[in-house]
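Residues take their numbers from the sequence shown, with the count starting at 1.
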Amino acid sequence: MKYKLIAIDLDDTLLTSQKSISEVNYQIIQKAVLKGIKIVLCSGRTHNAVIKFDNDLNIAGPNQYMITNGGAVIEELNGNIIFQQTLDNQFYRDFVHFTERNKLNYNVVDIFGNTYTSNSEFIDRYTIMQANENANGLFIKTPDQLPSNFEITKAIINGDKHKLDSISDMVHKKYDENYFVVRTGVGFLEIFPKGINKGSAVEKLADHLNIDLSHVMALGDRDNDIPMFKVAGLAVAMGNAVEGPKLESNAITDDNNHDGVGKAIKKFAL
């Protein structure tokens with residue numbers, strides 16, 4: 001068996017446009033699990049927003065894993081944390097000041113999956129979407145209303161494509177030297193600790209499981225999937241992927257609405 005771990009992005013990869021797992025994808029993933037292949041959902045989402053899809057796939061227990069918060073957290077499906085990296089309170093305060101100076105909409109996520117913003121006059125729809133996915137509520141608080149040891153797993157600048165295109169260079173210039181900045185989807189420009197991404201998380205998990213990276217397969221569609229494409233033995237871009245992942249992939253499968261994940265697993269791993 002060549003591939004022992006398959007890392008799968010969620011949105012626009014495993015999930016259809018209706019945010020569901022197709023029957024074809026479900027059945028093929030079940031076959032992979034029965035063969036002993038580790039199916040690892042690898043997402044920018046938080047625990048609550050990922051675990052429900054593991055449940056849908058009937059994947060559970062201490063010997064199964066997920067990567068959340070864009071690689072900032074690796075955990076067993078029973079909740080045991082293997083790895084976690086946060087951004088400290090000083091970063092959080094500086095980030096909020098940066099967004100206020102530049103009139104940007106934002107949200108941040110803490111280690112418990114709670115969503116916070118100090119935007120009160122207008123809350124961007126992507127912030128609301130983030131909070132709904134996290135299923136832990138949305139808290140409107142300024143930095144001074146939060147504990148002095150408040151830490152986050154990631155910071156997100158929100159806006160439509162035109163808005164994020166117009167500010168992307170500014171954000172990269174501000175944060176690239178000390179942090180990892182990446183577009184994770186429509187409406188989301190995210191900032192993580194330096195060296196924290198899906199690729200570093202896949203590396204750590206593979207090492208934890210004593211799996212050689214040549215035996216890892218990765219599937220994704222966005223720029224935040226590129227780091228795991230770079231470390232995996234086989235990188236498969238979705239048919240609906242943006243240009244970057246396609247250029248970094250070894251193969252391109254069908255799109256997320258036509259069972260692309262299942263077709264790739266069947267072709268390369270079963």
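Results of the salt bridge (charged side-chain N to carboxylate O under 4.0 Å, His left out) test with Glu190 over Lys154, Arg222, Arg45 single out Lys154 as the only residue that passes. Here the options are Asn158, Asp124, Thr117, the test is side-chain hydrogen bond (donor to acceptor under 3.5 Å, both in side chains), and the partner is Asn107; only Asn158 passes.
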Discussion item. Gln30 vs Asn25, test: side chain to side chain contact (heavy atoms under 4.5 Å, CB included). Steps then yes/no.
Written reply: CA-CA 9 Å; Gln30 297 311 298; Asn25 282 346; over 6 Å; no
Worksheet item: Passes salt bridge (charged side-chain N to carboxylate O under 4.0 Å, His left out), Asp9 versus Lys198? Steps please.
Response: CA-CA 9 Å; Asp9 172 55; Lys198 291 184 181 183; 2.9 Å; yes
Practice prompt. Starting from the C-alpha separation in whole Å, work towards a yes-or-no answer on side chain to side chain contact (heavy atoms under 4.5 Å, CB included) for Phe98 and Met170.
Written response: CA-CA 11 Å; Phe98 174 76; Met170 175 183 68; 4.1 Å; yes
Discussion item. Applying side chain to side chain contact (heavy atoms under 4.5 Å, CB included) to Ser118 and Lys141, what does each step give before you reach the verdict?
Written reply: CA-CA 5 Å; Ser118 59; Lys141 292 182 179 292; over 6 Å; no
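For Lys31, the NZ atom sits in a loose shell: 12 or fewer heavy atoms of surrounding residues, nucleotides or ligands are nearer than 6.0 Å. Environment of NE2 in His258: sparse, with no more than 12 heavy atoms of neighbouring residues, nucleotides or ligands closer than 6.0 Å.
Contact of the Val109 side chain with the Ile152 side chain is not registered, since no non-hydrogen atoms from C-beta on lie closer than 4.5 Å. The shortest side-chain heavy-atom distance between Thr115 and Val108 does not fall under the 4.5 Å cut-off. Considering only heavy atoms from C-beta on, Val73 stays 4.5 Å or farther from Phe83 through its side chain. Looking at heavy atoms from C-beta onward, Val236 lies out of side-chain contact with Ile252 at the 4.5 angstrom threshold. Here the side chains of Val242 and Asp221 are not in contact, with every heavy-atom distance at 4.5 Å or above. Between Tyr106 and Val96, the closest side-chain pair of non-hydrogen atoms falls below 4.5 Å.
When all heavy atoms are compared, the tightest approach of Phe229 to Ala235 is CG-CB, 3.5 Å. Looking at every heavy atom in both residues, Ile37 comes nearest to Leu5 through CG2-N, 4.2 Å. Across all non-hydrogen atoms, the minimal contact from Met238 to Asp12 is CG-O, 4.0 Å. Residues Leu219 and Ala264 share a closest heavy-atom pair of CD2-CB, 3.6 Å. Leu15 and Asn256 make their closest contact through O-ND2, 3.0 Å (heavy atoms, listed as atom of the first residue, atom of the second, distance). Scanning all heavy atoms of the two residues, the minimum distance from Gln84 to Ile111 falls at NE2-CG2, 3.7 Å.
The closest donor-acceptor contact from the side chain of Lys246 to the backbone of Gly239 lies under 3.5 Å. Lys194 places a side-chain N or O within donor-acceptor distance of the main-chain N or O of Asp176, the cut-off being under 3.5 Å. The backbone N or O of Ser17 lies less than 3.5 Å from a partner atom in the side chain of Asn257, making a donor-acceptor pair. Formation of a donor-acceptor pair under 3.5 Å by the Asp88 side chain with backbone atoms of Gln90 is found in this model.
Under the 4.5 Å side-chain contact rule for hydrophobic residues, Ile156 and Val182 do not share a cluster. Tracing side-chain contacts under 4.5 Å through hydrophobic residues (I, L, V, M, F, W, Y), one never reaches Phe188 starting from Ile128; they form parts of separate clusters. Using a 4.5 Å cut-off between side-chain heavy atoms of Ile, Leu, Val, Met, Phe, Trp and Tyr, with links allowed through other members, Leu234 and Leu209 fall into different hydrophobic clusters.
Side chains of Asp94 and His97: a donor-acceptor N/O pair is absent below 3.5 angstrom, by distance only. A side-chain donor from one of Ser22 and Asp259 sits under 3.5 Å from a side-chain acceptor of the other. Asp56 and Tyr26 form no side-chain donor-acceptor contact under 3.5 Å, judged by distance and modelled atom types alone. Between the side chains of Asp212 and Ser214, at least one donor-acceptor pair of N or O atoms lies under 3.5 Å. The closest side-chain donor-acceptor pair between Thr46 and Asn48, if any, does not fall under 3.5 angstrom.
Ring centers of Tyr179 and Phe95: at least 6.0 Å apart, outside the cut-off. The aromatic ring centres of Tyr116 and Tyr92 sit 6.0 Å or more apart.
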